[in-house]
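Residue numbers begin at 1 in each chain, while the letters A, B, ... track the order of the sequences.
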2 protein chains.
Amino acid sequence: MSVTIREIAMQAGVSRGTVDRVLNGRTGVKPEIRERVLAIADELHYVPNVAAKALAYHRKPIRIGIVMPPKEITFFDEIRKGIHAAEDELKGLGICLEYAYINNQQADEGATAIRTLIANGASGILFSAIDDEANRVSINEAIEQGIPVVTFNSDIEGSKRSCFVGQDLGKSGEIAAGLMSRVLRGKAKVLVVVANMKFHAHRMRVQHFKNSLAIIGDIEVVEVIEGFDRYEDTFIKLNEALQKHPDLDGIYMATGHAGACMDAVRRAGKDGQLRIVCNDLMPEVEQGLREGKIDFTIMQNPIQQGYRSLRILYDLIFTGKKPESEYQYTETSILIAESL
Amino acid sequence: MSVTIREIAMQAGVSRGTVDRVLNGRTGVKPEIRERVLAIADELHYVPNVAAKALAYHRKPIRIGIVMPPKEITFFDEIRKGIHAAEDELKGLGICLEYAYINNQQADEGATAIRTLIANGASGILFSAIDDEANRVSINEAIEQGIPVVTFNSDIEGSKRSCFVGQDLGKSGEIAAGLMSRVLRGKAKVLVVVANMKFHAHRMRVQHFKNSLAIIGDIEVVEVIEGFDRYEDTFIKLNEALQKHPDLDGIYMATGHAGACMDAVRRAGKDGQLRIVCNDLMPEVEQGLREGKIDFTIMQNPIQQGYRSLRILYDLIFTGKKPESEYQYTETSILIAESL
DNA sequence: ATGAAAGCGCTAACAT
DNA sequence: ATGTTAGCGCTTTCAT
């Protein structure tokens with residue numbers, strides 16, 4: 001059988017209560033005893049029993065706070081599914097979830113959410129919001145108070161969060177390039193559409209896409225268009241580009257308004273003549289795939305993102321198990337119409 | 001707080017021991033009391049507390065038997081990874097795993113494995129072996145004894161197993177067709193290579209591939225070659241086919257020896273001129289992708305298969321939660337060189 | 001056939 | 001600062 005606090009207590013010549021205090025970093029233990037207990041626990045390779053811990057916490061479950069966009073943001077639907085799946089498995093295992101929905105409209109939403117959750121007794125936080133200074137600061141504040149934070153879907157870089165669970169942005173750009181090179185054999189010209197090159201995530205995709213194409217050779221990126229996530233901007237700029245490059249062979253929609261892109265292609269009378277590679281699976285992309293307007297879309301496995309982030313945080317709090325790497329990338333997968 | 005056996009016991013006017021007997025189908029309870037307890041449990045929507053159950057089972061963990069090919073069969077490596085991941089999560093949650101490795105060489109290996117596991121006190125079985133009558137019978141025997149069985153990777157059809165966790169074979173054929181149609185635009189000729197059309201799994205892929213191509217139009221399947229998983233057969237037949245169809249555009253390796261396929265293509269001097277779509281990610285396929293000899297490979301998410309099958313069996317035994325569907329399909333994904 | 005009670009490993013409130 | 005003890009919900013052994 002595995003090692004228990006009882007055994008550690010006996011070997012250290014103290015009570016189980018004291019061992020519990022030491023192992024959970026509670027105050028009120030003489031330093032030398034603390035040392036001794038820690039040493040024995042380490043030597044015996046003590047791992048707490050999840051079931052026992054969960055049962056003991058049953059009266060006062062550990063609160064986990066979740067900061068993310070509200071239900072209206074359908075992009076997060078799949079991520080929510082993953083969180084619920086993990087919640088289902090962890091049901092009765094001593095945790096309780098509290099959600100704080102934020103819109104990323106005001107500057108201090110993230111900070112307020114974190115502070116409120118901590119005030120309500122959260123012992124850990126799952127966080128997904130824009131990568132700005134205010135959020136970085138408040139995450140670091142939480143860490144200072146000993147409350148671990150796991151970011152998901154969108155990282156807060158340079159913060160002290162335990163880890164980030166999300167997509168490998170570089171890889172999605174590379175895969176897009178790989179797909180283009182396979183459907184456009186030989187010399188070809190492609191256009192890149194992106195929402196905003198100021199955002200790290202958007203830039204990463206484009207950069208890796210270009211770099212990969214450069215290695216492959218033969219395919220030229222004629223232009224990179226910024227649509228700022230607005231239909232109008234995207235549509236207009238794309239119209240111009242399609243006129244300017246009548247010999248275009250493909251479009252990579254790195255980020256931004258896929259609907260506008262398809263409309264512009266149709267208006268140019270190029271339906272079916274251009275190879276189009278997208279990211280994610282918004283409703284319009286799904287429809288585009290079904291109708292043959294889009295060839296491929298690259299996914300970031302949102303369900304896994306939700307699931308893994310909650311699991312990782314649970315393990316961190318309950319068993320003290322640190323994630324193997326600071327970056328937990330979910331699988332980057334390719335979808336075609338037949339995948340749906 | 002949630003409903004406990006204590007509450008049910010009070011409402012039914014019996015002891016907790018009796019409630020436990022009823023809820024776990026143990027003998028020695030008067031039928032009318034059994035009825036009453038069951039009714040109350042149902043009415044109160046009783047769900048057992050996993051943590052408490054796991055802790056109680058700590059002394060005598062529930063044994064789960066796993067029947068699958070031995071470590072030498074590298075195809076199962078990823079599946080094993082998934083099983084280990086689930087085991088990790090379930091560690092300390094009242095289970096213990098026992099493996100029975102079989103080679104599918106002799107007729108009664110599966111039956112023997114199941115019988116041995118049951119003799120050793122298994123309360124549930126994970127099963128992956130060839131779909132034959134002997135295995136079907138022994139699975140049904142296990143079920144008769146109240147021991148749930150979950151098949152994974154390869155189903156035992158018509159058996160009374162609780163569910164099957166594995167790939168949607170039809171879908172992989174359809175995706176292969178979709179990929180072909182995207183890389184071979186317009187009129188084209190493709191060849192299908194399969195190990196053995198007598199096997200249901202192999203046939204399914206080929207059928208769905210052909211059906212999908214028929215709908216898409218334009219692409220003709222010139223021949224279906226059986227390689228029987230042997231290098232020689234595959235290589236020789238493919239050589240002949242390549243000579244017979246000098247205007248071939250692509251090859252779909254539904255199942256079988258991918259290495260032989262690549263060698264035959266090279267020998268015919270067609271390297272890089274044919275579009276090749278494979279299944280799975282054996283070492284030779286991975287290398288083929290890297291070297292640009294293979295364009296796409298279709299995956300059956302083996303890690304998920306291992307993970308989900310163990311989780312499902314655990315939930316079945318511990319919480320009585322039945323899987324939502326008899327067929328639990330793992331995601332079918334597409335890989336290219338850049339995905340690696 | 002049924003009840004009572006001990007115990008699984010851990011936490012937390014209470015005692016010293 | 002440390003020990004003691006009563007649970008958490010369930011299983012299981014021992015009485016009755």
> Hey, can you pull the donor-acceptor pairs under 3.5 Å for the side chains in residues 75-86 of chain B, sequence neighbours left out?
| residue | atom | partner | partner atom | Å |
| --- | --- | --- | --- | --- |
| B:Asp77 | OD1 | B:Arg80 | NH1 | 2.9 |
| B:Glu78 | OE2 | B:Lys81 | NZ | 3.0 |
| B:Arg80 | NH2 | B:Pro69 | O | 3.0 |
| B:Arg80 | NH2 | B:Pro70 | O | 2.7 |
| B:His84 | ND1 | B:Arg80 | O | 3.3 |

> Report yes or no: is the cationic atom of B:Arg161 (NZ for Lys, CZ for Arg) under 6.0 Å from the centre of the six-membered ring of B:Tyr327, at an angle within 45° of the ring normal?
yes
> Answer yes or no: does atom CD of A:Glu324 have more than 12 heavy-atom neighbours from other residues, nucleotides or ligands under 6.0 Å?
no
> Would you tabulate the side-chain donor-acceptor contacts of residues 43-50 of chain B under 3.5 Å, counting partners in other chains and residues two or more places apart, or write 'none'?
| residue | atom | partner | partner atom | Å |
| --- | --- | --- | --- | --- |
| B:Asn49 | OD1 | B:Ala51 | N | 2.9 |
| B:Asn49 | OD1 | B:Ala52 | N | 2.8 |
| B:Asn49 | ND2 | A:His58 | ND1 | 3.3 |

> Whole angstroms only, please: what is the NE2-C1' distance between B:His58 and C:dG7?
12 Å
> Please give, in whole Å, the distance from D:dC8 P to A:Phe318 CZ?
17 Å
> In B/S/- notation, 5' to 3', how is nucleotides 10-16 of chain C contacted by protein heavy atoms closer than 4.0 Å?
BBB----
> Could you name each residue pair satisfying side chain to side chain donor-acceptor pair (under 3.5 Å) that touches residues 16-28 of chain A, not counting sequence neighbours?
A:Ser15-A:Thr18, A:Asp20-A:Asn24, A:Asp20-A:Arg26
> On a heavy-atom basis, which atom in A:Ser128 and which in A:Ser154 lie closest, and how many Å separate them?
OG-N, 4.1 Å
> A:Phe127 ring centre to A:Arg136 NZ or CZ under 6.0 Å, with the angle to the axis within 45°?
no
> Let me know the distance between NZ of A:Lys30 and P of D:dG3, rounded to the nearest Å.
10 Å
> On DNA chain D, does the nearest nucleotide to B:Ala51 precede the nearest nucleotide to A:Ile33 from the 5' side, or the other way round? Give the residue.
A:Ile33
> Please state whether the phosphate of D:dT4, meaning OP1 or OP2, lies under 4.0 angstrom from any side-chain nitrogen or oxygen of A:Ser15.
no
> Angle between the end axes of the helix from C:dA1-D:dT16 to C:dT16-D:dA1, five pairs per end, to the nearest 10 degrees?
50°
> Sequence neighbours excluded, which residues qualify as side-chain hydrogen bond (donor to acceptor under 3.5 Å, both in side chains) partners of B:Asn120?
B:Glu98
> How many whole angstroms separate atom CG of B:Leu55 from atom P of C:dA6?
17 Å
